[in-house]
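These notes concern the structure reproduced below.
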Amino acid sequence: MTAYFDAALIEKYRMSGPRYTSYPTAVQFTDQFTQEDHIRHLQASNAGKRDLSVYLHIPFCEHVCYFCGCNKIITRNHSKSGEYLDYLTQDITRQAAHIDSDRRMIQLHYGGGTPTFISMDEQSRLMDLLHRHFRFADDHEGEFSIEIDPRTINRDYLAHLRKLGFNRVSFGVQDFDPAVQKAVNRIQPREEVARLMEDARDLGFHSISVDLIYGLPLQTVDSFSHTLEQMIELAPDRLAIFNYAHMPDLFGAQKQIKQADLPSPAVKLAILERTIAMLTGADYEFIGLDHFAKPEDSLVKHQKNGTLYRNFQGYSTFSDTDLLGFGISAISQVQGSYSQNHKARDKYYRAIDGGDLAIARGVALNSDDEIRRYVITEIMCNLGLDLAKVSAKYGIDAVAYFAKEWAQLEPLAADGLLQLQGNRMQVQAPGRLLIRNIAMVFDAYLQAEKHRFSQVI
């Protein structure tokens, strides 16, 4: 047993719940929130001169990975990306018109789909567009990252990305086992990934991240351990180890996965336990939830300083920013609001053709939302909560405000998930895996919505 892993506690607290990349979660978004609301929040955000974080969604993939639940378009016709970039250009231009040009972009992330589906020339076009509308932070200050399918690029493409200003890369690997790769329709030899990671270091990328998934068909404890052994040898700076959620009724491609090939819940838990033991034994820090990082990584430093943050891009070291999302399904977080673009490409295109923004839905936060968002973020990211800080930040009596919730924490404290000391709470080692359960205590919307979320572990 690792210090973080307690099978009995995991079984006791097994339930559905949000991942808290936002609060309120996307379940609370409504089409009553319009593009006019979004524009008003964009304009109001200029008063604070906060730095900007930008997300671009590139939805195209050449091949379908059977496990994937992302918003994607499967095609081998690369000409389709040119049309999409035309619309993306208008999306960026129209939203940027409401943002003061002197505000600094400190963070950029391309997600997908497969962001490296588009050509090198198209990458240049996109980056030129962003430079026209935003003031980039210097290379040593900002984090400019892109998700990469190792099957889609070579060293020349990687060098081009570095030349454009990307300084972080995230490789989707999932598993090195050939049988598992075949079962999920994603064949990529270890040697291919290793070569690209070495190239990324040679080219001066600041950080390399890797995504793995446990719970895929044909995985065993030993087979996934072998993948981990190989990954530890490759030594990425960060690792995200995601739990595969099999929901074929929601994600059609998952119907290609045979239920009988999936590891049992007991095997999945054993894989998770072995994963934590191996990575922490290899000197990776367990950030919490599903993220690990080397001790010198900025995620670790910010968590220890109490300044780690979480948004739709995952864990982040930039908390004091407004997030602008561009492309289909992209989500913005601006000045006390969330807004999401249309998920369907045809609706996204029609909105842009009509001269509008592509906003489909969103939500404006009330004062209670703001307070609870801060509390949940502190728990999810910085593994604790000080009610005195909440009182000072929002001008409330947080002890009285959260009296009911504080009482609800006591059983979790009795089980060792957290420690209560007066008006302070600190997450303990077993609580890191069950951090969502702790945060859920403070979620005012949750009771009616639990069935809408994935299992917490």
Side-chain angles (χ1 to χ4, degrees), residues 1-11 13 168-177 180 190-191 193-194 197-198 200-201 206-216 218-244 263-305 308 314-315 317 380-384 415-419 426-436 438 456-457:
M1 301 287 282
T2 68
Y4 301 107
F5 191 93
D6 186 312
L9 287 177
I10 289 170
E11 185 61 33
Y13 287 96
R168 291 173 173 263
V169 287
S170 177
F171 291 108
V173 174
Q174 323 317 343
D175 196 310
F176 279 137
D177 187 279
V180 176
R190 175 198 178 279
E191 295 72 24
V193 176
M197 289 178 66
E198 182 178 352
R201 291 191 176 95
H206 297 179
S207 177
I208 298 172
S209 301
V210 167
D211 292 347
L212 300 177
I213 298 178
Y214 73 97
L216 293 177
L218 306 183
Q219 281 180 340
T220 67
V221 175
D222 288 341
S223 73
F224 198 70
S225 297
H226 186 49
T227 287
L228 289 170
E229 289 171 354
Q230 296 174 82
M231 190 55 68
I232 289 169
E233 289 177 1
L234 297 179
D237 301 283
R238 299 176 184 176
L239 280 156
I241 316 292
F242 296 114
N243 170 25
Y244 171 65
S264 68
V267 171
K268 282 185 70 174
L269 282 182
I271 292 173
L272 177 60
E273 181 182 9
R274 180 76 63 86
T275 296
I276 296 170
M278 289 182 67
L279 290 179
T280 55
D283 294 328
Y284 282 91
E285 296 277 349
F286 184 24
I287 299 295
L289 197 60
D290 43 29
H291 277 63
F292 300 79
K294 289 185 174 180
E296 62 274 17
D297 189 89
S298 58
L299 287 182
V300 176
K301 294 176 181 178
H302 277 264
Q303 187 172 69
K304 289 181 177 178
N305 292 337
L308 192 63
Y315 284 108
T317 56
M380 293 291 297
C381 297
N382 300 313
L383 305 176
D415 282 338
L417 273 63
L418 54 92
Q419 185 178 61
Q426 188 66 41
V427 176
Q428 301 300 292
R432 295 219 183 179
L433 275 175
L434 297 165
I435 196 72
R436 291 161 70 180
I438 301 172
V456 298
I457 191 169

**Partners passing side-chain contact (heavy atoms from CB on, under 4.5 Å) against Lys304 (at least two apart in sequence or in another chain)** = Glu285, Val300
**Complete:** Tightest non-hydrogen contact, residues Asp283 and Pro295, listed as O-CD, 3.1 Å
**Message:** With a 4.5 Å cut-off on side-chain heavy atoms, are Leu212 and Phe242 touching?
**Reply:** no
**Fill in**
Taking every heavy atom of Ala429 against every heavy atom of Ala3, the minimum-distance pair comes out as CB-O, 3.4 Å
**Item:** Distance (rounded to the nearest 0.5 Å) between Leu228 CG and Leu239 CG
**Value:** 8.0 Å
**Prompt:** Can you tell me if Ser223 uses its side chain to pair, donor with acceptor, with the backbone of Gln219 under 3.5 Å?
**Reply:** no
**Spatial distance of atom CZ (Arg274) from atom CG (Asp222) [nearest 0.5 Å]** = 5.5 Å
**Message:** Is there a side-chain contact between Val180 and Gln174 in this structure, where contact means two heavy atoms from C-beta onward sitting under 4.5 Å apart?
**Reply:** no
**Item:** For Phe286, ring-ring contact (aromatic ring centres under 6.0 Å, His included) partners two or more places apart
**Value:** Tyr4, Phe292
**Prompt:** Can you find a heavy atom in the side chain of Leu216 that is under 4.5 Å from one in the side chain of Phe224?
**Reply:** no
**Request:** Please determine which of Asp6, Leu433, Leu434 meets the side-chain contact (heavy atoms from CB on, under 4.5 Å) test together with Leu417.
**Result:** Leu434
**Request:** Check Gly215 against Pro263 and note the closest heavy-atom contact, atom names and distance.
**Result:** O-CD, 3.5 Å
**Item:** Heavy-atom closest contact (Ser298 atom, Thr317 atom, distance)
**Value:** OG-CG2, 3.6 Å
**Request:** Carefully, step by step, assess Arg190 and Met231 under the rule side chain to side chain contact (heavy atoms under 4.5 Å, CB included).
**Result:** CA-CA 9 Å; Arg190 175 198 178 279; Met231 190 55 68; over 6 Å; no
**Prompt:** Quick one: ring-ring contact (aromatic ring centres under 6.0 Å, His included) partners of His302, sequence neighbours excluded?
**Reply:** none
**Message:** Would you compute the distance between atom CD1 of Ile276 and atom OH of Tyr284 and round it to the nearest 0.5 angstrom?
**Reply:** 15.5 Å
**Request:** Check the pair Leu279 / Ile241 against side chain to side chain contact (heavy atoms under 4.5 Å, CB included), numbers first and verdict last.
**Result:** CA-CA 11 Å; Leu279 290 179; Ile241 316 292; 4.1 Å; yes
**Prompt:** Between NE2 of His206 and CG of Asp237, what distance do you get to the nearest 0.5 Å?
**Reply:** 11.0 Å
**Request:** Given side chain to side chain contact (heavy atoms under 4.5 Å, CB included), test Ile287 with Leu308 step by step and report yes or no.
**Result:** CA-CA 10 Å; Ile287 299 295; Leu308 192 63; 3.8 Å; yes
**Item:** Qualifying salt bridge (charged side-chain N to carboxylate O under 4.0 Å, His left out) pairs, either residue in residues 288-299, two or more places apart
**Value:** Arg19-Asp290, Arg238-Asp297
**Prompt:** Taking only residues two or more places apart in sequence or in another chain, which ones pass ring-ring contact (aromatic ring centres under 6.0 Å, His included) with Phe176?
**Reply:** none
**Asked** Which value, rounded to the nearest 0.5 Å, describes the distance between Met197 atom CE and Phe171 atom CZ?
**Response** 7.0 Å
**Request:** Check whether any side-chain heavy atom of Arg168 lies under 4.5 Å from a side-chain heavy atom of Ser209, and answer yes or no.
**Result:** no
**Item:** Partner residues of Ala270 under the side-chain contact (heavy atoms from CB on, under 4.5 Å) criterion, sequence neighbours left out
**Value:** Val221
**Fill in**
d(Phe5 CZ, Thr275 OG1) to nearest 0.5 Å is 10.0 Å
**Item:** Donor-acceptor pair, side chain of Lys268 and main chain of Tyr244, under 3.5 angstrom
**Value:** yes
**Message:** For His226 and Asp177: C-alpha separation, side-chain torsions, deciding distance, then whether side chain to side chain contact (heavy atoms under 4.5 Å, CB included) applies.
**Reply:** CA-CA 8 Å; His226 186 49; Asp177 187 279; over 6 Å; no
